[in-house]
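The block underneath contains the structure these notes are about, expressed in structure tokens.
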Amino acid sequence: MAKIFQVTARAGMTRVVEPVARGLLRAGVSPNAVTVTGTLGVLVGALGFGARGDLVAGALIVTVFALTDLLDGTMARMSGGSTRFGAFLDSSMDRIADSAVFGAVAYWLATEGNHSGVAAALLCLAAGGLVSYVKARAEGLGMSGAVGIAERTERLLIVGVGGLLTGLGVDPALEIALWLLAAVSIFTVGQRMAYVYRQAQRVGQE
């Protein structure tokens, strides 16, 4: 059911993103420029607003700019496919943005004395890095790790909704979102490791 929802949501987003992608390409904007701009926007939202406790503005800015992850990929596809440097840049910028988001959340929760929330944010940061690493390592070994219920866009949307609700007065929403995200991220790491293990078994490389 979760996978069906993901596919449906992404298909709906694609219908919105594709016209924007075409317009940017016609204007001479490169996918790499969108990648860097998206990261800078996330940094502004996370460090400039979220870390200071302005959770509504921070969550909205981060969510909007996080969606450029779909936009630059669509632009790359329309322009003939991603280059090696483009793929490297996209992955590197994602790690920078994720670190900023969860670092900012952990910092703000620490200033509020919410130690449980800090622990959840740090766990999300570590588990999110593992989700990406397992996939990248699998691909480096000639296998695939592209499975799981908590890919990057979904992870940022979960923490964004939690931050937005907390900013609107639903105090426990952010901490609940972080613990939920930590759980699904760890589960995704397990999914990817099991998927790679099955591939390795099939080629006799346990």
Side-chain angles (χ1 to χ4, degrees), residues 1-48 57-102 128-161 163-164 181 184-185 188-189 191-192 195-196 199:
M1 183 63 71
K3 193 66 176 177
I4 293 173
F5 175 76
Q6 281 181 305
V7 171
T8 302
R10 284 180 178 270
M13 286 300 302
T14 298
R15 285 194 290 271
V16 175
V17 167
E18 284 187 347
V20 178
R22 289 193 193 94
L24 290 172
L25 288 171
R26 282 196 295 268
V29 179
S30 71
N32 289 348
V34 172
T35 298
V36 173
T37 301
T39 301
L40 291 175
V42 171
L43 292 177
V44 169
L47 303 178
L60 291 175
I61 293 170
V62 166
T63 299
V64 168
F65 280 97
L67 292 175
T68 60
D69 209 35
L70 299 176
L71 181 59
D72 58 8
T74 302
M75 291 173 67
R77 176 174 54 80
M78 288 180 171
S79 59
S82 176
T83 64
R84 288 187 177 184
F85 176 74
F88 168 79
L89 179 68
D90 184 61
S91 180
S92 299
M93 293 296 103
D94 285 351
R95 302 292 76 74
I96 292 171
D98 290 355
S99 298
V101 168
F102 291 105
L130 278 173
V131 168
S132 300
Y133 173 78
V134 170
K135 179 181 177 182
R137 184 60 176 152
E139 291 173 348
L141 294 171
M143 294 181 283
S144 172
V147 297
I149 61 173
E151 297 189 21
R152 180 174 182 266
T153 302
E154 286 79 11
R155 296 198 303 272
L156 289 180
L157 288 176
I158 289 172
V159 72
V161 170
L164 181 62
L181 180 55
V184 297
S185 296
T188 298
V189 171
Q191 280 185 300
R192 291 187 170 182
Y195 184 62
V196 173
Q199 293 174 73

Legend entry - Side chains of Thr63 and Leu157 in contact at under 4.5 Å (non-hydrogen atoms): yes

Inset, instruction - Compare every heavy atom of Ala76 with every heavy atom of Pro31, then report the nearest pair and how far apart it is. - result: CG-N, 3.8 Å

Inset, instruction - Can you measure from CD1 (Ile149) to CD (Glu154) and round to the nearest 0.5 angstrom? - result: 9.5 Å

Legend entry - Under 3.5 Å: donor-acceptor pair, side chain of Ser91, backbone of Ala87: no

Legend entry - Taking every non-hydrogen atom, the tightest pair across Ala138 and Gly145: CB-N, 4.1 Å

Inset, instruction - Considering non-hydrogen atoms only, spot the tightest contact between Val62 and Ala46 and give its length. - result: CG2-N, 3.7 Å

Legend entry - Separation between CG of Leu24 and CG of Leu71, rounded to the nearest 0.5 Å: 5.5 Å

Legend entry - Non-hydrogen side-chain atoms of Asp94 and Asp90 separated by less than 4.5 Å: yes

Legend entry - Exam field: side chain Ser132 to backbone Gly129, donor-acceptor pair closer than 3.5 Å: no

Legend entry - Gap separating the CE atom of Met93 from the CD1 atom of Ile96, nearest 0.5 angstrom: 3.5 Å

Inset, instruction - Calculate, to the nearest 0.5 Å, the distance between atoms CD1 and CG belonging to Ile61 and Leu43 respectively. - result: 11.5 Å

Inset, instruction - Determine, step by step, whether Asp98 and Val42 satisfy the side-chain contact (heavy atoms from CB on, under 4.5 Å) criterion, reporting the C-alpha distance in whole Å, the side-chain angles of both residues, the deciding distance to 0.1 Å, and the verdict. - result: CA-CA 9 Å; Asp98 290 355; Val42 171; over 6 Å; no

Legend entry - Shortest non-hydrogen contact from Leu164 toward Ala59: N-CB, 3.8 Å

Inset, instruction - Carefully, step by step, assess Val134 and Thr188 under the rule side-chain contact (heavy atoms from CB on, under 4.5 Å). - result: CA-CA 10 Å; Val134 170; Thr188 298; over 6 Å; no

Inset, instruction - Answer yes or no: is there a side-chain heavy-atom contact under 4.5 Å between Val131 and Arg155? - result: yes

Legend entry - Side chains of Val29 and Thr37 in contact at under 4.5 Å (non-hydrogen atoms): no

Legend entry - Validation row: Val159, Val101 side chains within 4.5 angstrom (heavy atoms): yes

Legend entry - Heavy-atom closest pair, residues Leu70 and Val17: O-CG1, 4.1 Å

Legend entry - Donor-acceptor contact below 3.5 Å, side chain Arg192 vs main chain Lys135: no

Inset, instruction - Return the minimal non-hydrogen interatomic distance between Gly86 and Asn32, and the atom names on each side. - result: CA-OD1, 3.5 Å

Legend entry - Separation of Asp69 CG from Thr35 OG1 (nearest 0.5 Å): 7.5 Å

Inset, instruction - First locate atom CG of Leu67, then atom CG of Asp72, and finally report the distance between them rounded to the nearest 0.5 Å. - result: 11.0 Å

Legend entry - Any side-chain heavy-atom pair of Met75 and Met78 under 4.5 Å: no

